[in-house]
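Before anything else, here's the structure in question.
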Amino acid sequence: EEKIQQTERTYIVHMDKSHMPESFTDHSLWYDSSLKSVSDSASMLYAYEYVIHGYSTRLTAEEAETLRKQPGILSVLPEVRYELH
Amino acid sequence: TTRTPEFLGLGRSSDLFPTSNSMGEVIVGILDTGVWPELKSFDDSELGPIPAGWKGECQVGKNFNSSSCNRKLIGARFFSKGYEAAFGPIDETMESKSPRDDDGHGTHTATTAAGSVVPNAELLGYASGTARGMASHARVAVYKACWLGGCFGTDILAAMDAAVADGVDVLSMSIGGGMSEYYGDTVAIGAFTAAAHGIFVSCSAGNSGPMPSSLSNVAPWITTVGAGTLDRDFPASLTLGNGDKYSGVTLYNGKQLPDSLVPLVYGGSVSHSSSGSFCMAGSLIPEKISGKIVVCDRGGSARVQKGVVVKAGGGVGMILSNTDSYGEELVADAHLLPSAAVGQKAGGAIKKYISSNPNPTATIGPGTTKLGVQPSPVVAAFSSRGPNPVTPAILKPDIIAPGVNILAGWTGAVGPSGLDSDKRHVNFSIISGTSMSCPHVSGLAALLKAAHPEWSPAAIKSALMTTAYTTYKSGEKIKDVATGGPATPFDYGAGHADPVAALDPGLVYDANVDDYLGFLCALNYTPEQIKSTTHRDFTCHTSSKYTLGDFNYPSFAVPLETALGGEGGAGVSSTIKYTRTLTNVGDPATYKVYLHSQTQAVKISVEPATLSFSAQYEKKSYTVTFTATSKPSGTTSFARLEWSDGKHIVGSPIAFSWT
């Protein structure tokens, strides 16, 4: 179980931009801050601007759970693999 | 696409078709495996300057530079960070870290939707003719988010993000993944914002048919496309040692078998493995198949891979037999050995001949291209089916379009079978799937967008759906190849696309962001779930009544309750009212309602029964009342509601489900 907890997966982190603290002048800094609050090593794969506000990253299940509980986080979705039809 | 434009009626002359200039203003985005830009299908000689509002780019990468784009292929990007995060760095000896298509699927879908006109197209001598996309003068922008290892949600979302920012008008996505509520569905989330930006999003329904409730991409702001056949086939004759003849299909064009008969075996009888009947890798005993034709059952592995297994074991030919999952559906493949795919009935007869004869023999003749095959279209067995697994009150799929044995552009990186061992190079290939039907509808949507730039994505979808046909010219209902019987709206949705009729639908069921928000309220979504889905702050009004039945969709799905005690509930009736609003997009006219039902168990009435429109874009509402008696759980039945002014028929399927 511990091993599973430490295995990293990719997540899409959906942020609620209306909850961005005024201390942040740029949403990308807010995204970065939220990510750094749960992981020192994780980096952003993408920052999304139009279809959602948020970013994608690699996290452990524990880190994802911690992130989910933070204010301003709408959802932390595990990445789904799609296939060609 | 050497046949589908004619099959769809695009070969006819009509004043309704948009001009080349207006078509050139429409940009079709394709989210797929990339593009092979050197094909003639991306010739830009008939196109003027790139639309002024275009913000996309031609991303440079391995084997792809800025000159790979032109006035036809106006954008090409790739998204690999999610893929690489999961699988490690891309092996650039295997695939291009660029928009270049190493698979073929993306080039096929892009050229189906909007490829330029290419005379003398063919695959190995089959399906020859002039190939063209459905919107042959529209622009193409390619978003590569699918790689040899699959398509990852983070890359798909990044690609959709870019497509919205770039300014595409249509987004075609022939992919599918897990099923979930809309707030957890990456494609649904991305598609919502795209639709809110006026982008028509079409997605493949999936290839998990004929199993019920097997659909993907079912959000109501997405157009979900199933697959049908066209009136073209590639027959090859099969002769057995007893003189019996059967017809199969093939795209093989190499050295043919001799006219004389060859020993014939069934894969399941020449194997130590339980998977021998499927001719899975390593399952066949070479000594028992060498020099023989092997009968393999469809399923379990890729069809072309079975041919490779037979050939590797020394077999000289293959007969691919459908099992009951596929019925009489014949899908042609560019095999590497003499082959023929046969339906379940012929396959059964051939297997019976083998088991009852001590020395069975057969031969396979060369294949040909046959046009005018009837009946057509028939719903493909593989096409995913309703009911809608996420929201049963929304009927899905929305529509069907050609998706079986489609010829379109291909990559230069792999041969037409898609196998590593296939060293043939072709400009066009023939493949099947709802992946192929989806870009047909995307191209048709582009055509409608060019003809009616002011129409919303929902209006375009409505036009395609309400003008779709459900019967052959004889009046007989469109068939389902999986059963051989008539198909239902759970198989074909509103029916088969008829773009010429869709250009002038008379009336449309329009919908905007507010309608979609109301739909989510009817699903009892929380404000957080609504925001996750729509990217908007919205709280459902407690004073408002939100019902799925009143969501302004061009089709009707009516879930009905079975009275407690099941069949014992006979005589108990329930009444449901649905309200819809029609927008006039034609001349002033008076429409009357017509109802066609196959069940006595539901009484249908419409109020008012006449709608008069005196101006363009005038809106009128009507209410349908369904009064149903109880039926056993699992019972389904169907009806059709049509509005007609004598010139237009605005049709909606109705699906009743007792649960």
Side-chain angles (χ1 to χ4, degrees), chain A residues 4 6-21 27-28 30-32 34-35 38-61 63-65 67-85, chain B residues 32-33 79 81-82 84-86 103 105-106 109 145-146 149-158 160-165 173-178 180 183-187 189-194 197 203-207 216 227 384 403 433-438 528-529 531-532 535 537:
Chain A
I4 290 168
Q6 294 309 313
T7 303
E8 284 190 343
R9 286 187 65 179
T10 305
Y11 292 89
I12 295 170
V13 182
H14 198 157
M15 310 276 286
D16 186 347
K17 212 171 166 183
S18 64
H19 280 66
M20 185 171 82
H27 63 275
S28 62
W30 181 44
Y31 298 168
D32 199 46
S34 83
L35 179 56
V38 298
S39 171
D40 292 332
S41 58
S43 59
M44 247 180 249
L45 297 173
Y46 297 102
Y48 303 106
E49 297 288 328
Y50 292 89
V51 292
I52 65 164
H53 289 139
Y55 60 91
S56 47
T57 187
R58 300 275 289 175
L59 298 171
T60 65
E63 289 165 346
E65 199 49 46
L67 193 56
R68 250 181 216 115
K69 291 171 186 161
Q70 287 193 358
I73 301 289
L74 275 171
S75 64
V76 181
L77 295 174
E79 182 177 58
V80 172
R81 189 167 155 187
Y82 288 72
E83 59 182 25
L84 301 168
H85 277 157
Chain B
D32 211 298
T33 61
F79 303 88
K81 289 177 184 173
E84 293 190 282
D103 178 281
H105 189 277
T109 54
C146 294
C151 327
F152 287 76
T154 49
D155 294 331
I156 292 166
L157 202 59
M160 296 179 86
D161 211 50
V164 171
M173 301 175 63
S174 290
I175 57 172
S180 71
Y183 53 80
D185 179 340
T186 305
V187 168
I189 292 168
F192 188 98
T193 301
H197 278 77
C203 291
S204 46
N207 300 335
S216 50
S384 288
T434 53
S435 273
M436 284 65 247
S437 56
C438 170
E528 289 73 28
Q529 289 168 337
K531 184 150 194 182
S532 294
H535 202 39
D537 286 305

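Per chain, numbering begins at 1; letters A, B, ... match sequence-line order.
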Which bit of B:Ser384 is near chain A, if near means a heavy-atom gap under 4.5 Å: side chain, backbone, both or neither?
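No part of B:Ser384 comes within 4.5 Å of chain A.
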Comparing B:Thr193, B:Asp32, B:Thr434, B:Asp185 against chain A, the one with the most heavy-atom pairs below 4.5 Å turns out to be B:Thr193
- Query: Quick one: of B:Gly150, B:Gly177, B:Gly190, B:Cys203, who has the most non-hydrogen atom pairs under 4.5 Å with chain A?
  - Reply: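 Most pairs with chain A among the choices: B:Gly177.
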Ranking B:Ser174, B:Cys438, B:Gly403, B:Gly433 by heavy-atom pairs under 4.5 Å to chain A gives rank one to B:Ser174
Problem - side chain to side chain contact (heavy atoms under 4.5 Å, CB included) between A:Glu49 and B:Asp161, intermediate numbers included - result: CA-CA 7 Å; A:Glu49 297 288 328; B:Asp161 211 50; 3.8 Å; yes
A:Leu84 side chain near B:Asp103 side chain, heavy-atom distance below 4.5 Å: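 A side-chain contact exists here, since the closest heavy-atom pair is under 4.5 Å.
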Highest number of heavy-atom pairs under 4.5 Å with chain A among B:Ala205, B:Ala194, B:Cys151 belongs to B:Cys151
Review point. Taking every heavy-atom pair that is under 4.5 Å apart, which of B:Cys146, B:Gly149, B:Ala191, B:Ser216 has the most such pairs with chain A?
Key: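 Greatest number of close heavy-atom pairs with chain A: B:Gly149.
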With chain A, the option among B:Ala162, B:Gly178, B:Gly206, B:Gly106 that has the most non-hydrogen atom pairs under 4.5 Å is B:Gly206
Donor-acceptor contact present, side-chain A:Tyr48 to main-chain B:Thr154, <3.5 Å: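 Judged by distance alone, yes, a pair lies under 3.5 Å.
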| Shortest non-hydrogen contact between B:Ser435 and A:His85, atoms and distance |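 Looks like OG-C, 2.6 Å.
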Heavy-atom contact with chain B under 4.5 Å, split by part of A:His14: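 Looking at A:His14, just its side chain touches chain B.
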Of all heavy-atom pairs linking B:Ser532 and A:Leu74, the shortest is OG-CB, 3.8 Å
Applying a strict 4.5 Å limit to non-hydrogen atoms, the region of A:Leu77 in contact with chain B is side chain
Closest heavy-atom pair, B:Ala165 versus A:Tyr50, reported as atoms and distance to 0.1 Å, is CB-CE1, 3.3 Å
query: For A:Ser18, is it the side chain, the backbone, both or neither that has a heavy atom under 4.5 Å from a heavy atom of chain B?
result: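 For A:Ser18, heavy atoms of backbone and side chain both lie under 4.5 Å from chain B.
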Exercise. For the pair A:Tyr46 and B:Phe79, name the ring-plane relationship: parallel under 30°, tilted 30 to 60°, perpendicular over 60°.
Key: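 Correct class here is tilted.
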Between the NZ atom in A:Lys17 and the NE2 atom in B:His535, the distance rounded to the nearest 0.5 Å is 7.5 Å
**Report entry** Under 4.5 Å from any heavy atom of chain B - which part of A:Glu79
**Finding:**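 For A:Glu79, the side chain is the part near chain B, not the backbone.
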Which of B:Val164, B:Thr186, B:Ile156 passes side chain to side chain contact (heavy atoms under 4.5 Å, CB included) with A:Val51? It is B:Val164
Practice task
May I have the step-by-step check of side chain to side chain contact (heavy atoms under 4.5 Å, CB included) for B:Leu157 and A:Ser56, ending in yes or no?
Solution key: CA-CA 10 Å; B:Leu157 202 59; A:Ser56 47; over 6 Å; no
So, the part of A:Arg81 with a heavy atom under 4.5 Å from chain B: the answer is both
Applying a strict 4.5 Å limit to non-hydrogen atoms, the region of B:Asp537 in contact with chain A is side chain
Point to revise | Verdict with supporting geometry, A:Thr10 and B:Phe152, side chain to side chain contact (heavy atoms under 4.5 Å, CB included) | key: CA-CA 10 Å; A:Thr10 305; B:Phe152 287 76; over 6 Å; no
